[in-house]
Peer 1: 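Dropping a structure here in structure tokens format, bear with me for questions.
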Amino acid sequence: MPLLVLEGGRVRRARFDDIVEAVLTIIQLVPSGMVTTYGSIAKLLGVSPRLVGKALAMNKKPIVIPCHRVVMSDGRIGGYSGPGGPEFKRALLTVEGVKLCGDRVDKGHVIDLYQLLGGDQQINTP
DNA sequence: CATCGAACCAACC
DNA sequence: GGTTGGTTCGATG
């Protein structure tokens, strides 16, 4: 289902700018030393993971809005269009305390926002 | 584990 | 209509 937004009492399909706003808001929930994935944000919003990436690339204030705390689902860093490129992204994550094994982040630092916000409502079955 | 290919959603041509 | 992204997932070796 595509992302819908409410405007003037009408429901309409989200525009790219709406998605950018939503994504940039959501990633501010990710604390320093933790990262999340494109996919979890995408599920949360109902858009494609690649679109999330594009939205992050629109970030006007890198560092203050932590677009660098979003990585790929397999742990690889992903892209970074801000100054310094992906290499700088790595450096930032390291400084924030995220462990990197080769080109992958340690899974212990990855949080899934979709599950965290009750996206699937699954109960543990011991 | 690594690679492959199809699906993804809004924008752009 | 087809391509394009800071991607994903399942299938395959």
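All chains are named by letter (A, B, ...) in the order of the sequence lines, taking the proteins before the strands, and each is independently numbered beginning at 1. Every heavy atom of this structure was used, including side-chain atoms; hydrogens, water molecules and symmetry mates were not.
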Peer 1: Classify every nucleotide of nucleotides 6-13 of chain B by which part a protein heavy atom approaches to under 4.0 Å, writing B for the base, S for the sugar-phosphate alone and - for neither, in 5'-to-3' order.
Peer 2: -BBBSS--

Peer 1: Applying side-chain contact (heavy atoms from CB on, under 4.5 Å), run through A:Ile41 and A:Val23 and close with a yes or a no.
Peer 2: CA-CA 7 Å; A:Ile41 297 175; A:Val23 169; 4.2 Å; yes

Peer 1: Linking I/L/V/M/F/W/Y whenever any side-chain heavy atoms sit under 4.5 Å apart, do A:Leu100 and A:Val35 land together?
Peer 2: yes

Peer 1: Separation of A:Leu44 atom CG from C:dT7 atom P, in whole Å?
Peer 2: 19 Å

Peer 1: Could you state the atom-to-atom distance from NZ of A:Lys43 to C1' of C:dT7 in whole Å?
Peer 2: 13 Å

Peer 1: Roughly how far apart are A:Leu4 CG and A:Asp18 CG, rounded to 0.5 Å?
Peer 2: 10.5 Å

Peer 1: What contact category does A:Arg76 fall into here, base, sugar-phosphate, or nothing, at under 4.0 angstrom with non-hydrogen atoms?
Peer 2: nothing

Peer 1: Could you tell me the separation between the OG atom of A:Ser40 and the CG atom of A:Leu116, rounded to the nearest 0.5 Å?
Peer 2: 9.0 Å

Peer 1: Near DNA chain C, counting only heavy atoms under 4.0 Å, which residues of residues 61-75 of chain A show up?
Peer 2: A:Cys67, A:Val70, A:Met72, A:Ser73

Peer 1: Test A:Arg15 against A:Glu21 for salt bridge (Lys or Arg N to Asp or Glu O under 4.0 Å), laying out the working first.
Peer 2: CA-CA 10 Å; A:Arg15 284 173 302 191; A:Glu21 185 183 353; over 6 Å; no

Peer 1: I need the A:Ile65 CD1 to A:Lys60 NZ distance, nearest 0.5 Å.
Peer 2: 10.0 Å

Peer 1: Working to the nearest 0.5 angstrom, can you tell me the gap between A:Thr36 OG1 and A:Ile26 CD1?
Peer 2: 9.5 Å

Peer 1: Once you measure the plane-to-plane angle for A:His68 and A:Tyr80, does it fall in the parallel (<30°), tilted (30-60°) or perpendicular (>60°) bin?
Peer 2: perpendicular

Peer 1: Dot-bracket for DNA chain B, 5' to 3', with Watson-Crick and G-U pairs under 3.5 Å, [ ] for crossing pairs and | for other-strand pairs: what is it?
Peer 2: |||||||.|||||

Peer 1: To the nearest angstrom, how far is A:Met58 atom CE from C:dT4 atom C1'?
Peer 2: 13 Å

Peer 1: Within this structure, what is the CD1-CG distance for the pair A:Ile27 and A:Asn59, rounded to the nearest 0.5 Å?
Peer 2: 6.0 Å

Peer 1: Between atom CG in A:Asp103 and atom P in B:dC1, what is the gap in whole Å?
Peer 2: 13 Å

Peer 1: Nearest-Å distance, CZ (A:Arg104) to P (C:dT7)?
Peer 2: 14 Å

Peer 1: For the base of C:dG6, is there a side-chain donor-acceptor partner from A:Tyr38 under 3.5 Å away?
Peer 2: yes

Peer 1: How long is the gap from CZ on A:Arg12 to CG on A:Leu3, to the nearest 0.5 Å?
Peer 2: 9.5 Å

Peer 1: Taking only the P atom of each, what is the distance from C:dG2 to B:dA6 in whole angstrom?
Peer 2: 16 Å

Peer 1: Check whether more than 12 heavy atoms from other residues, nucleotides or ligands sit under 6.0 Å from atom CD of A:Glu96, and answer yes or no.
Peer 2: yes

